[in-house]
Amino acid sequence: MTAMLVYHELYEKHLINPGHPERPERLEKALKAIRDSRLLERGVQMVTPGQIPLERVYAIHSREYVEAVRQSSMRGGALFTPDTGTNAYTFDAAVMAAAGGTTAIDKILAGETDNAYIMCRPPGHHAEEGRAFGFCFFNNIAIAAQYLLQRHGIQRVMIVDYDGHHGNGTQNSFYSTDKVLYVGFHQDGRWLFPGTGFADEIGTGEGRGYNVNLPMCPGAGDDSYLLAFSRIVEPLAAAYRPEFILVSVGYDCHHSDPLTNLGMTLSGIASLNGRLLRYAEEYSNRRIACFLEGGYNLDVVSAGSVNLLEGLAGLPITAYDDHYKENPACFEYTKGLIDRVEDLHHGLLL
Ligand code: Q9C
Ligand code: ZN
């Protein structure tokens with residue numbers, strides 16, 4: 001398999017404020033780990049995206065909002081929410097993050113690579129049509145999905161989002177269409193930002209059944225996620241037969257993340273990636289693009305990024321010895337949640 005790393009120096013120039021968890025060092029450290037692992041000499045091709053027309057951003061976001069982000073950077077920076085702000089580089093970085101996704105798609109569809117990891121910042125999955133939210137400005141994965149539909153005539157895109165937080169912006173972008181199937185794993189919104197992503201949010205109109213949420217209990221780990229993949233994600237992929245798979249990767253599902261309370265390990269995350277690659281192999285002609293969203297333990301973002309590229313390139317996965325045993329009561333809760341999601345989606349895609 002051929003893998004591509006999409007990266008741009010601008011991704012490290014955006015800064016919300018010194019000390020903010022969504023910081024440039026996340027990528028700086030991950031890129032160093034990728035170089036040290038010699039992945040770039042072992043088949044991973046690194047690519048820098050070029051400029052894109054702003055129309056691709058307007059496919060998801062209002063012109064007024066895009067202009068507000070641009071103006072804020074032109075003036076040196078501004079806060080959009082108490083924890084989501086710009087500096088002078090944010091607008092260019094955010095457009096380049098979106099460009100990373102559409103560049104990856106063009107290259108995958110041209111057969112230049114099987115798959116890609118867009119290691120970008122700012123992240124995107126919380127960004128809404130007209131507002132910045134949760135450290136996100138432009139919704140990179142939503143822009144990519146819309147680009148697949150509008151520019152490449154793709155009819156079915158499956159988005160799997162395993163960031164620890166619910167991808168509210170992505171869900172809302174495609175809530176009433178069956179052309180994009182959103183499947184979100186996240187810590188239950190009763191106990192974590194952004195407070196949405198409940199199981200009964202199943203989509204509306206044509207999109208009914210094409211939005212699937214798995215709000216996991218705090219402490220949910222590898223066993224819970226892998227069972228949910230077997231019982232929900234795999235059957236969804238088999239029923240939907242996506243032409244392209246997009247993944248919102250968030251290392252804040254890891255047990256040591258400072259912002260969340262989930263329980264994944266690095267090997268568990270690598271297993272999820274392995275499953276997604278198999279679905280891509282089976283249904284989407286190997287076409288899969290992974291977008292970095294959150295993850296605030298720098299060592300986990302680094303090791304996880306190395307593992308992701310190893311998986312995408314078909315190389316052996318470096319083992320990192322992080323351990324976490326989820327509470328049996330949590331696993332029982334997950335079984336009940338899976339039953340409930342099956343019921344809610346029965347007669348739709350499941
Ligand atoms: N009291 C991503 O992982 N926390 N964003 C807000 C408000 C926001 C996380 C806390 C966490 C956003 C991309
Ligand atoms: Zn997150």
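Counting convention: from 1, in listed order, for ligands and their atoms alike. Residues take their numbers from the sequence shown, with the count starting at 1.
Within D163, the N/O/S atom positioned nearest the Zn ion (ligand 2) carries the name OD1. Distances from the Zn ion (ligand 2) to each N, O or S atom of H165 single out ND1 as the nearest. In terms of distance to the Zn ion (ligand 2), the nearest N, O or S atom of D252 is named OD2.
Remark: D36 pairs with K32 by the side chain to side chain donor-acceptor pair (under 3.5 Å) rule, at least two apart or across chains. In this structure Y117 satisfies the side chain to side chain donor-acceptor pair (under 3.5 Å) test together with S305, sequence neighbours excluded.
In this structure, R151 forms no cation-pi arrangement with Y147, as its terminal cationic atom is not both closer than 6.0 Å to the ring centre and no more than 45° off the ring axis.
Counting only N and O atoms by type, the side chains of Q187 and H165 include no donor and acceptor under 3.5 Å apart.
In this structure, ligand 1 sits under 4.0 Å from heavy atoms belonging to D83, P123, H125, H126, G134, F135, D163, H165, F193, D252, G294, Y296.
Under the salt bridge (Lys or Arg N to Asp or Glu O under 4.0 Å) criterion, the residue pairs touching residues 163-189 are D188-R190, with sequence neighbours excluded.
Ring pair Y7/Y11 is perpendicular by interplanar angle, where above 60° counts as perpendicular and below 30° as parallel.
At least one side-chain heavy atom of L5 sits less than 4.5 Å from a side-chain heavy atom of L309.
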